[in-house]
A.B. asks: 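Take this structure, written in structure tokens, and hold onto it; I'll ask about it next.
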Amino acid sequence: MAHEPSFVTYTENLQKFMRLPQRGNIIAEYIWVDSEGGVRSKARTLPEKETPYTPDELPMWNFDGSSTGQAPGDNSDVYLKPVAVFPDPFRGTPNILVLAECWNNDGTPNKYNHRHECAKLMAAHAEQKPWFGLEQEYTLLDLNDRPYGWPRNGFPAPQGPYYCGVGAGKVVQRDIVEAHYKCCLYAGVKISGINAEVMPAQWEFQVGPCEGIEMGDHLWIARYLLHRVAEEFGAKVSFDPKPIPGDWNGAGLHTNFSTKDMREEGGMKHIEAAIKKLEARHAEHIAVYGEGNEKRLTGRHETGKIDTFTYGVANRGASIRIPREVAAKGYGYFEDRRPASNADPYQITGIIMETCFGAVSDE
Ligand code: ADP
Ligand code: MN
Ligand code: MN
Ligand code: MN
């Protein structure tokens with residue numbers, strides 16, 4: 001593949017420096033969500049402690065929001081408020097990854113801080129014990145923005161051999177996928193699996209079940225880890241919901257959901273009640289289920305149509321799928337298949353809680 005080798009980090013060479021002692025210091029990589037659905041990060045030194053840092057013990061920090069499209073140039077400071085801490089798989093323990101919320105200097109949440117609202121909804125409905133499981137589909141691109149391994153001029157053979165594929169010519173860059181999986185486990189991200197997807201160069205990882213706000217936190221860290229790993233292998237990660245037009249599957253962020261009541265005997269009536277509520281607010285959900293989703297939700301390629309709400313047992317062409325096994329048992333969870341791969345998990349999980357259990361009033 002033709003690309004500039006200078007873009008690639010030489011991790012192996014780096015290893016000998018990574019082993020040097022840190023002399024009582026740790027490195028904290030502060031990570032935040034930017035204005036384009038990407039992640040940004042920067043690092044700082046902190047004194048090593050006996051016990052691991054909790055979010056409350058970590059200092060607030062800030063960044064130049066005018067450089068990320070998150071603030072105007074004449075009032076550019078955006079504050080970073082630590083909300084979750086993970087072991088850093090790149091630098092190793094005791095170094096940490098710090099997920100941070102973005103706040104404006106007038107004390108309001110930044111426009112792209114969707115976590116704040118989501119956390120309020122999760123706290124208000126905590127007694128529901130809401131569990132989420134997200135299936136993050138993505139496409140690996142070369143540095144010329146072409147899906148990895150695709151012929152330079154033209155297309156691979158039609159879809160069929162690639163989904164859960166094994167073997168050369170069927171899957172590419174399993175090394176990135178494997179490295180990412182290990183990084184997630186090291187960091188304590190609740191990754192539950194991976195698989196190759198229907199379109200060549202497309203993969204999926206699943207995170208969950210996670211309860212409440214943890215879902216968004218873990219998915220964002222999993223995305224950060226994927227970008228970082230792929231960076232080291234010289235690949236780009238695309239969360240575009242329809243990276244290649246035509247007869248190629250798009251990429252989604254299927255959202256599996258259950259509450260305590262749904263997971264217990266007789267749970268099906270709670271599942272059905274939730275689906276009825278979702279039906280009544282289809283448009284509101286689509287509005288926060290990712291940009292460019294209309295290119296993906298066509299009613300073809302295992303999707304429902306963007307302007308109609310449908311549900312069914314084991315139906316992958318519906319908006320909502322009740323897994324066969326759940327229907328047979330009479331309790332469990334359901335899958336909202338509408339969210340696009342580039343959607344914000346805080347917005348998805350937040351609006352599901354709002355629709356099913358009610359909005360929270362501003363105090
Ligand atoms: P699919 O068959 O749609 O490809 P996957 O196996 O890829 O499904 O993903 C299923 C997801 O559902 C996983 O993230 C899993 O953790 C999650 N999940 C399983 N049980 C529940 C539950 N009771 N509530 C919410 N999510 C669940
Ligand atoms: Mn899946
Ligand atoms: Mn999938
Ligand atoms: Mn699915």
Side-chain angles (χ1 to χ4, degrees), residues 122 125 128-140 159-160 162-165 171 177 181 184-185 189-219 221-223 238-243 248-268 270-271 274-275 278 290 293 296-297 300-304 311-343 345 348-349 352-353 356:
M122 294 301 174
H125 303 302
Q128 299 290 339
K129 304 239 172 286
W131 289 6
F132 299 90
L134 293 182
E135 303 168 48
Q136 176 70 69
E137 295 179 334
Y138 61 96
T139 310
L140 291 168
Q159 295 182 161
Y162 312 114
Y163 171 72
C164 298
V171 294
V177 176
Y181 203 157
C184 285
L185 293 177
V189 168
K190 291 183 177 169
I191 187 167
S192 48
I194 56 112
N195 60 267
E197 266 305 332
V198 176
M199 187 182 92
Q202 208 170 54
W203 290 86
E204 168 179 314
F205 64 84
Q206 301 96 30
V207 179
C210 290
E211 188 163 327
I213 196 67
E214 181 185 71
M215 183 69 258
D217 291 352
H218 280 224
L219 193 81
I221 292 296
R223 284 177 173 177
S238 169
F239 292 116
D240 189 325
K242 193 75 182 181
W248 303 99
N249 270 40
L253 187 61
H254 294 169
T255 301
N256 300 275
F257 174 60
S258 65
T259 61
K260 186 169 170 291
D261 290 341
M262 296 177 196
R263 290 188 294 271
E264 287 171 355
E265 198 91 15
M268 191 55 83
H270 297 281
I271 291 177
I275 292 174
L278 292 175
N293 208 8
R296 164 181 168 262
L297 293 181
R300 299 184 59 222
H301 304 109
E302 303 174 61
T303 69
Y311 67 96
V313 173
N315 183 356
R316 287 173 197 271
S319 317
I320 306 282
R321 174 177 71 103
I322 300 170
R324 173 80 62 207
E325 186 204 347
V326 172
K329 281 193 309 191
Y331 61 91
Y333 67 100
F334 65 88
E335 177 190 43
D336 188 343
R337 299 177 59 81
R338 297 172 292 173
S341 47
N342 59 359
I348 303 173
T349 59
I352 288 176
M353 294 309 287
C356 294

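Each ligand, and each atom within it, is numbered from 1 in the order the structure gives. What you see below is based on every heavy atom in this structure, not just the backbone, and it leaves out hydrogens, waters and symmetry mates.
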A.B. asks: Check step by step if side chain to side chain contact (heavy atoms under 4.5 Å, CB included) holds for V326 and M268.
C.D. replies: CA-CA 8 Å; V326 172; M268 191 55 83; 4.1 Å; yes

A.B. asks: Quiz question: by atom type and distance under 3.5 Å, do the side chains of N249 and Q159 form a donor-acceptor pair?
C.D. replies: yes

A.B. asks: Give the atoms of ligand 1, by number and element, whose distance to some non-hydrogen atom of E204 is under 4.0 Å.
C.D. replies: 7 (O)

A.B. asks: Quick one: sort the F334 and F257 rings into parallel, tilted or perpendicular, breaks at 30° and 60°.
C.D. replies: perpendicular

A.B. asks: Please write down residue, atom name and distance for the protein heavy atom closest to atom 25 (C) of ligand 1.
C.D. replies: W131 O, 3.5 Å

A.B. asks: Which atoms from ligand 1 have a heavy atom of Y333 less than 4.0 Å away?
C.D. replies: 20 (N), 21 (C), 22 (C), 23 (N), 24 (N)

A.B. asks: Please determine if N195 has a nitrogen or oxygen closer than 3.5 Å to a nitrogen or oxygen of ligand 1.
C.D. replies: no

A.B. asks: With atom 22 (C) of ligand 1 as the reference point, say which of P209, S258, G267 has the nearest heavy atom.
C.D. replies: S258

A.B. asks: Is the backbone of E135 close enough, under 3.5 Å, to the side chain of H254 for a donor and an acceptor to pair up by distance?
C.D. replies: no

A.B. asks: Quick one: does M353's side chain get under 4.5 Å of P130's, heavy atoms only?
C.D. replies: yes

A.B. asks: So which protein N/O/S atoms does the Mn ion (ligand 3) have within less than 2.8 Å?
C.D. replies: E137 OE2, E197 OE2, E204 OE1

A.B. asks: Determine whether any protein heavy atom is located less than 4.0 Å from atom 8 (O) of ligand 1.
C.D. replies: yes

A.B. asks: Examine distances only and state if a side-chain atom of T303 and a backbone atom of L297 form a donor-acceptor pair shorter than 3.5 Å.
C.D. replies: no

A.B. asks: Looking only at distances, please establish whether an N/O atom of ligand 1 is found under 3.5 Å from an N/O atom of Q206.
C.D. replies: yes

A.B. asks: Run down the list T255, I191, L134, N256 and name the one with the heavy atom closest to atom 10 (C) of ligand 1.
C.D. replies: N256

A.B. asks: Taking non-hydrogen atoms only, is E335 closer than 4.0 angstrom to ligand 1 via side chain, backbone, both or neither?
C.D. replies: side chain

A.B. asks: Side-chain contact, heavy-atom cut-off 4.5 Å: E302 with V198?
C.D. replies: yes

A.B. asks: For atom 1 (P) of ligand 1, what's the nearest protein heavy-atom neighbour? Residue, atom name and distance, please.
C.D. replies: E135 OE1, 3.5 Å

A.B. asks: Report yes if R321 has an N/O atom closer than 3.5 Å to an N/O atom of ligand 1; otherwise report no.
C.D. replies: yes

A.B. asks: Given that the side chain starts at C-beta and the backbone is N, CA, C, O, which of these parts of S192 lies under 4.0 Å from ligand 1, counting heavy atoms, or is it both or neither?
C.D. replies: side chain

A.B. asks: Looking at R338, is its backbone amide N or carbonyl O close enough to the side chain of R296 to form a donor-acceptor pair, meaning the two atoms are under 3.5 Å apart?
C.D. replies: yes

A.B. asks: Do the side chains of R263 and K129 get nearer than 4.5 Å, heavy atoms only?
C.D. replies: yes

A.B. asks: Examine ligand 1 and decide if any of its atoms is less than 4.0 Å from a heavy atom belonging to R316.
C.D. replies: yes

A.B. asks: Using the side chain to side chain contact (heavy atoms under 4.5 Å, CB included) rule, take W203 and V171 through it: C-alpha gap first, then chi angles, then the decisive distance, then the call.
C.D. replies: CA-CA 9 Å; W203 290 86; V171 294; 3.9 Å; yes

A.B. asks: How about V177 and Y181: do any of their side-chain heavy atoms sit closer than 4.5 Å?
C.D. replies: no

A.B. asks: Give the residue, atom name and distance (to 0.1 Å) of the protein heavy atom nearest atom 17 (C) of ligand 1.
C.D. replies: G133 CA, 3.8 Å

A.B. asks: Show your reasoning for whether side chain to side chain contact (heavy atoms under 4.5 Å, CB included) applies to Q136 and V207.
C.D. replies: CA-CA 8 Å; Q136 176 70 69; V207 179; over 6 Å; no

A.B. asks: Please evaluate residues E265 and Y331 with respect to the criterion side chain to side chain contact (heavy atoms under 4.5 Å, CB included), reporting the C-alpha separation (whole Å), side-chain torsions for both, the decisive distance (0.1 Å), and the verdict.
C.D. replies: CA-CA 6 Å; E265 198 91 15; Y331 61 91; 4.2 Å; yes

A.B. asks: Which ligand 1 atoms does G208 reach within 4.0 Å, using its non-hydrogen atoms?
C.D. replies: 16 (O)

